[in-house]
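To keep things clear, I will list the structure first and then write my remarks on it.
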Amino acid sequence: MNLRYLGYACINTSLEKTTNKTFRLKNLNYDKYYETVSYNLKSLEDIIRWNRENNINFFRIGSEVIPLASHKQFNFDWENDFKKEMNFLKKLADETNMRFTMHPGQYTVLNSQRMEVVKTAVDEIEYHARFLDKIHPDKGKIVIHTGGVYGDKEKAKKDFIKNFELLSPLAKKMLILENDDKSFDVFDVLEISEKINIPVVFDILHHICNTPCQKPYQNLEEIIEKVVKTWKGDIPVFHLSSRKSNKGCPHTDYIRKTDFRKFISILKKIPVHSQYDIMVEAKMKEKAVIELMKNEQFFN
DNA sequence: GGCCGTCAAGACGAT
DNA sequence: ATCGTCTTGACGGCC
């Protein structure tokens, strides 16, 4: 497999723009909402243009692009209020060949034991789906983690599979499942993926953190080949980051070249005739991507 | 203008 | 039982 796009998440540090400007619940009112969403959508536009100038075609849009959109106290009709802006962004995204993903936060727990938490998770995912559908129809993907274990991982997986059915057809089509650093490893998410037919996002650092045998690279090609099959011909997304220390998973400012090269060379060996995209998770965001793009030999 | 406690929200492991 | 951490870190009251 060959590398196609490298992307970054939510913030452009060169432009000092974010799609994640938000406000406190107590400040929720029409003016604040209108002002903040306008800013976020304008930032997204500026970031897309910047990406085009810099040959970056992959971007994760911040979940707070419409702040508090799924909150029960939020009653504004953002889809209507920002129709014009969203249509414009759709056109711009098409013209510039951007690929977008979104990634709801850790509070989105689809397999929770508490029904009200499941409901807010569904609402949150549906909001992401509607947003992405407006500017990136048939292409947008929503990355989530499996959720909590609650002392019984097998049951927790079944609950995820069961609650997946609560989503709309649109959201189901967009959802992709990422292995996490503590609870649900790549084997768990592959198992879930097989049952409900959604693609797996493989995060190499989470895999390393979540591989107790200290041999995370063992059988890695075999694992990744299975992951790629879950995409059913669509171009897979991988997550890449470097860890700051040996403990936990905090990210570095830039990706270590050795981490990048090691990962790329493994993917190179996967015997599937396909390209793939990498979401780079590093504090210096687009600057980390630009650094990696200097390794031209890895692009085809 | 910079600092830092807090923020809509959940789960988990360390203490 | 409580705290810190995970992360897309950002807000905003206080100095």
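In what follows, every heavy atom counts, from backbone to side chain, and hydrogens, waters and symmetry copies are set aside.
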query = Could you go step by step and tell me if A:F187 and A:N179 meet the side chain to side chain contact (heavy atoms under 4.5 Å, CB included) rule?
reply = CA-CA 8 Å; A:F187 305 105; A:N179 60 311; over 6 Å; no
In whole angstroms, the gap separating P of C:dA10 from NZ of A:K17 amounts to 15 Å
Of the listed B:dA8, B:dG10, C:dG13, the closest approach to the A:K26 side chain comes from C:dG13
Please work out if A:K119 contacts a base, only the sugar-phosphate, or nothing of the nucleic acid, heavy-atom cut-off 4.0 Å. nothing
Quiz item: Reckon A:P67 touches a base, only the sugar-phosphate, or nothing at all at heavy-atom distances under 4.0 Å?
Solution: nothing
- Is the side chain of A:H239 donor-acceptor paired with the backbone N or O of A:M279 at a distance under 3.5 Å, no angle test? no
Taking C:dT7, C:dC11, B:dC12 as options, the one with an atom nearest any side-chain atom of A:R24 is C:dC11
Comparing nearest nucleotides in DNA chain C, the 5'-proximal residue of the pair A:S63, A:K21 is A:S63
Next on the checklist: Does A:G62 reach a base, just sugar-phosphate, or nothing at all? Heavy atoms under 4.0 Å.
Outcome noted: nothing
Check: Base, sugar-phosphate alone, or nothing: which one does A:T108 contact when heavy atoms must sit under 4.0 Å apart?
Finding: nothing
task = Describe the nucleic acid contact of A:E64 in one word from base, sugar-phosphate, nothing, applying a heavy-atom distance below 4.0 Å.
result = base
Take atom P in B:dA8 and the same atom in C:dA1, then report the distance between them in whole Å.
27 Å
Taking a pair to mean Watson-Crick or G-U wobble geometry with both distances below 3.5 Å, B:dA8 pairs with none
To the nearest angstrom, the CD-C1' distance between A:E116 and B:dG10 comes to 11 Å
Around atom CD of A:E165, are there more than 12 heavy atoms from other residues, nucleotides or ligands closer than 6.0 Å? yes
Between CD of A:Q73 and P of B:dC7 the distance, given in whole Å, is 14 Å
* To do: Establish, with yes or no, whether the OP1 or OP2 oxygen of B:dG10 is under 4.0 angstrom from a side-chain nitrogen or oxygen of A:R114.
  => yes
### Message
Measuring only the C1' atom in each nucleotide, how far is B:dG2 from C:dC6? A whole number of Å is fine.
### Response
27 Å
Could you measure between the two C1' atoms, the one in C:dT7 and the one in B:dC7, and give it in whole Å? 14 Å
Atom CD of A:Q106 and atom C1' of B:dC12 are separated, to the nearest Å, by 12 Å
message: Stacking between A:Y107 and B:dG10, defined as ring centres under 5.5 angstrom apart with planes under 30°, is that present or not?
response: no
Original post:
Just by modelled atom types, is the A:L25 backbone N or O under 3.5 Å from a matching donor or acceptor in the A:Q73 side chain?
Top reply: no
To the nearest angstrom, the CG-P distance between A:N210 and C:dC6 comes to 15 Å
Quiz item: What does A:T22 touch in the nucleic acid at a heavy-atom separation under 4.0 angstrom: a base, only the sugar-phosphate, or nothing?
Solution: sugar-phosphate
*When all nucleic acid strands are considered with a 4.0 Å heavy-atom cut-off, which category describes A:K72: base, sugar-phosphate, or nothing?*
nothing
Query raised in the report: When all nucleic acid strands are considered with a 4.0 Å heavy-atom cut-off, which category describes A:K283: base, sugar-phosphate, or nothing?
Result: nothing
On the nucleotide B:dA11, are OP1 or OP2 found under 4.0 Å from the side-chain N or O atoms that A:K153 carries? no
- Message: Taking only side-chain N and O atoms of A:K182, does any of them lie within less than 4.0 angstrom of OP1 or OP2 on B:dG10?
- Response: no
Whole-Å distance, A:E124 CD to B:dA9 P, equals 13 Å
Pair A:F160, A:F184 - check ring-ring contact (aromatic ring centres under 6.0 Å, His included), show working. CA-CA 12 Å; A:F160 184 93; A:F184 297 92; 8.2 Å; no
Task: Flag, side chain of A:N20 to backbone of A:E64, donor-acceptor distance under 3.5 Å - done: yes
A:D181 CG to B:dG13 P, in whole Å, measures 11 Å
**Message:** I'd like the P distance from B:dA11 over to C:dG9, given in whole Å.
**Reply:** 23 Å
Partner of C:dT7 under the Watson-Crick or G-U wobble criteria, both distances under 3.5 Å, comes out as none
Query raised in the report: Taking atom P in both B:dG5 and C:dG4, what distance in whole Å separates the two?
Result: 11 Å
Look only at the side chain of A:T36 and the backbone of A:T22, and say whether a donor-acceptor pair between them is shorter than 3.5 Å. no
Between CG of A:D152 and P of B:dC12 the distance, given in whole Å, is 12 Å
Closest to the 5' end of DNA chain C, once A:N27 and A:N20 are matched to their nearest nucleotides, is A:N20
Item to complete: Would you classify A:L25 as touching base, sugar-phosphate or nothing, given that sugar-phosphate means primed atoms plus P, OP1 and OP2, and contacts are heavy atoms under 4.0 Å?
Response: sugar-phosphate
